[in-house]
Amino acid sequence: MKTMKKYMLFILSGLLTTSCIDTVVLPDDITIGEDMWKSKSDVEGMVNGVYKAMTSEAIIERCIVWGSYRSDEMNPIVQTFNNGKENALKDIKSGYMTQTNTYADWSAFYGVINRCNLVLQHAPEVVESDPAYTEATLNTDISQMLAMRSLCYFYLVRAFRDIPVTPGAYKFSSQEFEIPQEAPLTVLNKCIEDLETAIKTPLSPNGFTDWRRVGYMNKEGIAALLADVYLWRGSMTHNSADYQKCVEYCDIVLDSKRAATADYFDFGRPWSNLVYDGSVNYRAQFISGNSLESIFELQMDGKNDDNFGLRNCYWNYDEKSRGNGLMNASLIFNEVNADKVYISDKDYRWYESCYSVNSSDKEELDIFKMVSLMETGNVEGNLKPQTPLSRGYEEVAQNWIFYRLSDVMLMKAEALVQLTPDSEDAADKDVENVLRSAFSLVNEVNKRSIALATLTDADTLKFSTYSNKAAMEELVLAERLRELCFEGKRYFDLLRYNYRHVDGVQPDKILADINEDPDVMVENNGSMMNLMTRGMSVGGGAARLLMHTEPYLYFPVLESELKANLLLKQNPAYKKSNLYDKN
């Protein structure tokens with residue numbers, strides 16, 4: 001991170017790894033030596049080391065592959081890279097994933113979890129040895145570590161479903177590493193418990209005026225993550241109380257943003273709670289970084305910290321001379337069409353998501369978002385991008401954004417839709433009021449992205465088109481795709497939709513059945529599968545047939561992990577693989 005390098009030199013040398021339960025990255029000798037955990041600076045170094053570890057290629061690539069690539073957003077590039085990643089990506093899309101797929105490696109996330117556990121275990125000792133390290137500072141450090149650990153577990157449970165939860169910090173290879181997986185509800189409950197604790201003593205986002213305002217996991221970040229976890233659990237359990245908690249934590253973020261940026265929220269458009277006009281939003285979010293709308297993003301300066309994971313995926317993999325990454329955008333982004341993604345050619349985001357949109361002869365679309373250093377220009381009514389200046393190969397100074405304001409607004413809208421009364425006895429006015437609240441949030445995000453100078457009635461969302469629960473749910477899903485494409489969100493959005501609409505199973509029994517028996521094969525929703533496989537360059541029909549049950553939506557456990565830890569159980573979708581052999 002930009003100013004934390006001085007803290008990192010003493011904790012990044014000589015990392016020792018083990019091929020036990022989860023290939024946990026063990027600490028080096030320095031972090032567990034006699035001179036460690038004595039002073040405030042020792043704890044600062046370890047806390048900053050957690051954020052540093054999150055910037056690794058392994059983490060960012062998996063945020064993209066797990067959260068975006070598996071959806072309808074992307075396809076593998078048509079090019080040979082002479083390594084395992086290209087084949088792994090093709091196998092993911094085809095549905096023929098095996099237990100050796102490189103993107104099923106969860107070790108990088110468990111390495112971060114172990115760092116968090118080390119701080120949680122040892123930081124309280126420093127209060128006794130260094131008066132400069134106060135109880136208040138300890139509490140904010142614990143808050144950050146609980147939140148960062150929960151973020152990692154949340155990614156893992158959404159990617160693998162049943163995962164091990166480590167009992168504490170690992171320091172030596174002689175420790176017992178074999179622990180079983182926990183069911184998803186158990187993991188989600190732990191995340192919520194830790195986050196509810198973390199938000200009691202968070203860092204204040206208003207305590208900093210530089211990158212630390214959003215570069216550390218503070219109150220806004222914890223609230224956004226809590227909203228996300230509650231939204232996920234609510235979608236699995238169909239529990240209205242979880243949706244209500246999602247709304248409450250979204251409101252904490254929205255209220256905090258309003259209080260901190262009161263002079264910026266109203267930029268002359270009476271409908272908007274957003275900070276930036278669409279004409280400058282791309283520059284603020286993805287070029288300058290750490291914008292007023294940001295909530296939590298990893299800091300990349302292009303020198304000490306490079307976002308090579310993003311570079312590998314989107315614009316340049318392996319060679320300086322190569323002009324593309326491992327994947328490109330689906331052709332569903334190519335046309336303005338209600339059945340595709342964007343519904344207006346006046347939407348800035350259409351041009352700022354992919355290069356060369358609206359090209360009739362285009363067979364592939366390169367990703368623009370977070371790649372180009374030039375936002376869409378509005379010159380004489382022409383919204384097409386100006387000279388598309390790409391980032392250099394060596395210096396990749398693009399922050400990775402976990403949460404930003406429009407994401408939270410749309411999470412709240414999604415939760416409100418699920419809170420809409422759907423009984424026959426519900427008064428029409430009750431239904432309308434909740435749906436209008438959800439619509440207003442979606443409309444704010446959408447309308448700020450439309451160039452007003454050329455706005456027509458056809459470019460405007462209308463409540464009358466989405467005045468029932470099913471239509472409003474689809475609108476929120478579609479707007480999240482328009483706003484958050486390629487940011488690691490879409491696949492998880494589709495999974496939430498799937499859990500709310502599984503075929504042939506009583507919704508309130510889904511999670512209970514899965515927790516009681518991980519081999520339960522719940523049929524996936526057909527509409528969700530159609531969305532997930534649309535736009536695939538190859539194999540869409542086959543993947544739809546192969547991935548017909550819920551376990552196929554998750555990754556297999558690596559073969560090496562199964563052999564190292566006999567307590568692990570394979571995802572039932574992959575048990576028939578000829579690679580499955582724990583003996």
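Position 1 is the first residue of the sequence; numbering continues from there.
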Review point. Salt-bridged, Lys563 to Glu559, with N to O below 4.0 Å?
Key: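 Judged by the 4.0 Å cut-off on N to carboxylate O distance, Lys563 and Glu559 do form a salt bridge.
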Does the side chain of [X] reach to within under 4.5 Å of the side chain of [Y], using non-hydrogen atoms?
{"X": "Thr533", "Y": "Asp72", "value": "no"}
{"X": "Leu553", "Y": "Met547", "value": "yes"}
{"X": "Ser527", "Y": "His501", "value": "no"}
{"X": "Glu487", "Y": "Met370", "value": "yes"}
{"X": "Pro76", "Y": "Met327", "value": "no"}
{"X": "Leu435", "Y": "Phe463", "value": "yes"}
{"X": "Glu178", "Y": "Leu568", "value": "no"}
{"X": "Ser56", "Y": "Ile60", "value": "no"}

Apply salt bridge (charged side-chain N to carboxylate O under 4.0 Å, His left out) to [X] and list each qualifying residue two or more places apart in sequence or on a separate chain.
{"X": "Asp91", "answer": "none"}
{"X": "Glu73", "answer": "none"}
{"X": "Glu196", "answer": "none"}
{"X": "Arg480", "answer": "Asp407, Asp493"}

Point to revise | Full working for side chain to side chain donor-acceptor pair (under 3.5 Å) between Glu57 and Asn312 | key: CA-CA 8 Å; Glu57 288 182 48; Asn312 292 345; 2.8 Å; yes
Practice item. Show your reasoning for whether salt bridge (charged side-chain N to carboxylate O under 4.0 Å, His left out) applies to Lys489 and Glu483. Key: CA-CA 10 Å; Lys489 305 287 182 178; Glu483 176 72 10; over 6 Å; no
Review point. Got a second to check how far Asp251's CG is from Lys412's NZ, nearest 0.5 Å?
Key: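 Spacing of CG (Asp251) from NZ (Lys412) equals 3.5 Å.
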Practice item. Find the distance between CD (Gln398) and CG (Leu298) and round it off to the nearest 0.5 Å. Key: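 These two atoms lie 11.0 Å from each other.
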Do we see a donor-acceptor contact under 3.5 Å between the side chains of [X] and [Y]?
{"X": "Asp228", "Y": "Tyr403", "value": "yes"}
{"X": "Tyr351", "Y": "Ser356", "value": "no"}
{"X": "Glu473", "Y": "Gln418", "value": "yes"}
{"X": "Asn399", "Y": "Glu297", "value": "yes"}
{"X": "Asn498", "Y": "Asn524", "value": "yes"}
{"X": "Glu364", "Y": "Asn328", "value": "yes"}
{"X": "Arg404", "Y": "Ser406", "value": "yes"}
{"X": "Asn189", "Y": "Arg233", "value": "yes"}

Check your understanding: Taking only residues two or more places apart in sequence or in another chain, which ones pass ring pair (Phe, Tyr, Trp, His ring centres under 6.0 Å) with Tyr96?
Key ->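 Partners of Tyr96 by the ring pair (Phe, Tyr, Trp, His ring centres under 6.0 Å) criterion come out as none, since no residue qualifies.
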**Study point:** Partner residues of Phe160 under the ring pair (Phe, Tyr, Trp, His ring centres under 6.0 Å) criterion, sequence neighbours left out
**Key:**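 In terms of ring pair (Phe, Tyr, Trp, His ring centres under 6.0 Å), with neighbours along the sequence ignored, Phe160 is linked to Trp66, Trp106, Phe555.
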Practice item. Just say parallel, tilted or perpendicular for the rings of Tyr554 and Tyr499, cut-offs at 30° and 60°. Key: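 Ring orientation, 0 to 90° scale: tilted.
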Exercise for review: Please report the C-alpha distance between Thr166 and Tyr153 in whole Å, then the side-chain angles of each, then the deciding distance to 0.1 Å, and finally whether the side chain to side chain donor-acceptor pair (under 3.5 Å) criterion is met.
Suggested key: CA-CA 10 Å; Thr166 58; Tyr153 277 132; 3.1 Å; yes
Check your understanding: Pairs in or reaching into residues 470-496: which pass ring pair (Phe, Tyr, Trp, His ring centres under 6.0 Å), with residues at least two apart or in two chains?
Key ->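 Sorted result for residues 470-496: Phe333-Phe486.
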Practice item. Let me know which of Glu479, Met472, Arg500 forms a side chain to side chain contact (heavy atoms under 4.5 Å, CB included) with Glu414. Key: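 Testing Glu414 for a side chain to side chain contact (heavy atoms under 4.5 Å, CB included) against Glu479, Met472, Arg500 leaves exactly one candidate, Arg500.
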Point to revise | Ile252, Ile295, Leu405 screened by side chain to side chain contact (heavy atoms under 4.5 Å, CB included) with Glu220, the one that passes | key: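 Of the listed options, the one satisfying the test is Ile295.
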Test side-chain hydrogen bond (donor to acceptor under 3.5 Å, both in side chains) applied to [X] - qualifying residues, sequence neighbours left out:
{"X": "Asn101", "result": "none"}
{"X": "Ser150", "result": "none"}
{"X": "Tyr497", "result": "none"}
{"X": "Thr102", "result": "none"}

Review point. Given the rule in the salt bridge (charged side-chain N to carboxylate O under 4.0 Å, His left out) test, do Glu352 and Arg349 qualify, once you have shown the distances and angles that lead to the verdict?
Key: CA-CA 5 Å; Glu352 293 168 344; Arg349 299 169 300 180; over 6 Å; no
Taking [X] for the side chain and [Y] for the main chain, is one N or O donor matched with an acceptor at less than 3.5 Å?
{"X": "Lys93", "Y": "Met74", "answer": "yes"}
{"X": "Arg482", "Y": "Trp350", "answer": "no"}
{"X": "Arg62", "Y": "Ala58", "answer": "yes"}
{"X": "Asp366", "Y": "Tyr355", "answer": "no"}
{"X": "Lys569", "Y": "Leu567", "answer": "no"}
{"X": "Asn565", "Y": "Ile179", "answer": "yes"}
{"X": "Tyr69", "Y": "Leu89", "answer": "yes"}
{"X": "Thr197", "Y": "Glu193", "answer": "yes"}
{"X": "Ser437", "Y": "Asn433", "answer": "yes"}

Practice item. Could I get the full list of side chain to side chain contact (heavy atoms under 4.5 Å, CB included) partners for Thr549, not counting sequence neighbours? Key: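 Testing Thr549 for side chain to side chain contact (heavy atoms under 4.5 Å, CB included), a comparison that skips the adjacent residues, returns Met521, Glu523, Pro551, Tyr552.
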Exercise for review: Indicate, with yes or no, if the rings of Phe109 and Tyr155 have centres closer together than 6.0 Å.
Suggested key: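 Yes - the distance between ring centres of Phe109 and Tyr155 falls below the 6.0 Å cut-off.
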Point to revise | Smallest separation among heavy atoms of Ser344 and Val336, with atom names | key: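 Scanning both residues, the minimum pair turns out to be N-CG1, 3.4 Å.
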